[in-house]
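So the structure is just underneath, and the comments pick up after that.
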Amino acid sequence: MLKTVQTSSNKKTGPIAVTYRAGSCDTFSTCPKTCQLHPRPDTGAVKIDSDYLAALLAAVPRGGQAWTYSHFPAELLPVAEPGQTVINASCDTMDQAVAAWSIGRPAVVAAPAGTEWAGGVEYKGVRFVRCPAELAEGFTCQQCGGGRPLCARSDRDYVIVFVAHGPMAGKVGRGTAGGCYASSGPTAIQWHKTRTAGAPDDAAELLRFASSLPAGSMLRHHVAGDVGRE
Ligand code: SF4
């Protein structure tokens with residue numbers, strides 16, 4: 001099930017286009033059961049939805065940029081060609097992020113609450129850079145990278161760090177299940193609505209949506225959800 005929003009009111013992304021993707025039986029079931037942040041891993045996906053993945057790669061606004069994140073193993077994620085959606089490998093640990101980076105995947109990592117790396121750190125020879133939206137009030141993805149958001153850069157030579165925040169933050173990086181930022185608050189409300197009221201043919205709806213956006217738009221796929229097959 002897919003929900004599309006042409007102009008998001010999300011404080012982090014800024015007013016860009018976004019989507020949410022949910023399972024039809026369980027909101028979390030497009031997310032892999034191996035994700036450490038998954039609050040109900042038994043309902044998670046085992047495989048990637050290949051039809052949806054093909055649509056995702058192609059779903060870039062004309063002359064624009066698109067990116068997303070996936071908790072599936074990095075080696076299963078395609079590397080974007082120019083003009084395709086950049087799929088970042090979402091990692092639970094710095095070692096996982098180094099491994100993803102070393103096989104050529106753009107990687108991000110969720111760091112435990114309280115991590116302080118305003119200036120970034122180097123770990124095992126890889127640079128880790130904090131998401132700039134976490135360092136400046138009011139800064140959004142729309143402003144990131146001077147019009148070329150860091151997460152939309154497939155060939156970057158650093159890992160982006162997101163420090164856990166919000167009510168579930170205490171679970172991130174502790175080796176226990178749960179901690180997904182989208183499992184509570186306004187994001188969870190939008191995501192659960194996607195399960196009941198989203199478009200059932202998510203691949204077709206995504207392609208329609210991307211092609212309907214104004215030229216040069218930014219599209220962040222899956223504020224919540226992943227590429228799994230329910
Ligand atoms: S690094 Fe930039 S594009 Fe990525 S989430 Fe942060 S602000 Fe958005």
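Whatever order the structure lists them in is the order used to number ligands and atoms, beginning at 1. For clarity, every value in this text was computed on a predicted model and none was experimentally measured.
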Of all protein heavy atoms, the one nearest atom 3 (S) of ligand 1 is P149 CB, 3.6 Å

Tell me which protein heavy atom sits closest to atom 6 (Fe) of ligand 1, plus the residue, atom name and distance to 0.1 Å. C131 SG, 2.3 Å

Within the 3.5 Å criterion, strictly below it, is a donor on D226 or T30 matched to an acceptor on the partner's side chain? no

Below 2.8 Å, can you find an N, O or S atom of C144 next to atom 8 (Fe) of ligand 1? no

Taking the inter-plane angle between the rings of F28 and H38 on a 0 to 90° scale, is it parallel (under 30°), tilted (30 to 60°) or perpendicular (over 60°)? tilted

List every atom of ligand 1 that sits less than 4.0 Å from any heavy atom of P132, numbering the atoms from 1 in the order shown and giving each element. 1 (S)

To the nearest 0.5 Å, what is the distance between CZ (R21) and OG1 (T4)? 14.0 Å

Enter the distance from F209:CZ to D202:CG here, rounded to the nearest 0.5 Å. 14.0 Å

For atom 4 (Fe) of ligand 1, what's the nearest protein heavy-atom neighbour? Residue, atom name and distance, please. C151 SG, 2.3 Å

Does the side chain of E134 come within less than 4.5 Å of F162's, by heavy atoms? yes

Show the atoms of ligand 1 that are less than 4.0 angstrom away from any heavy atom in Y69. 4 (Fe), 5 (S)

With L219, which of V18, V60, I16, T19 fulfils side chain to side chain contact (heavy atoms under 4.5 Å, CB included)? T19

Going by the atom numbers of ligand 1, which of them fall below 4.0 Å from some non-hydrogen atom of A133? 7 (S)

For atom 8 (Fe) of ligand 1, the closest protein heavy atom turns out to be C141 SG, 2.3 Å

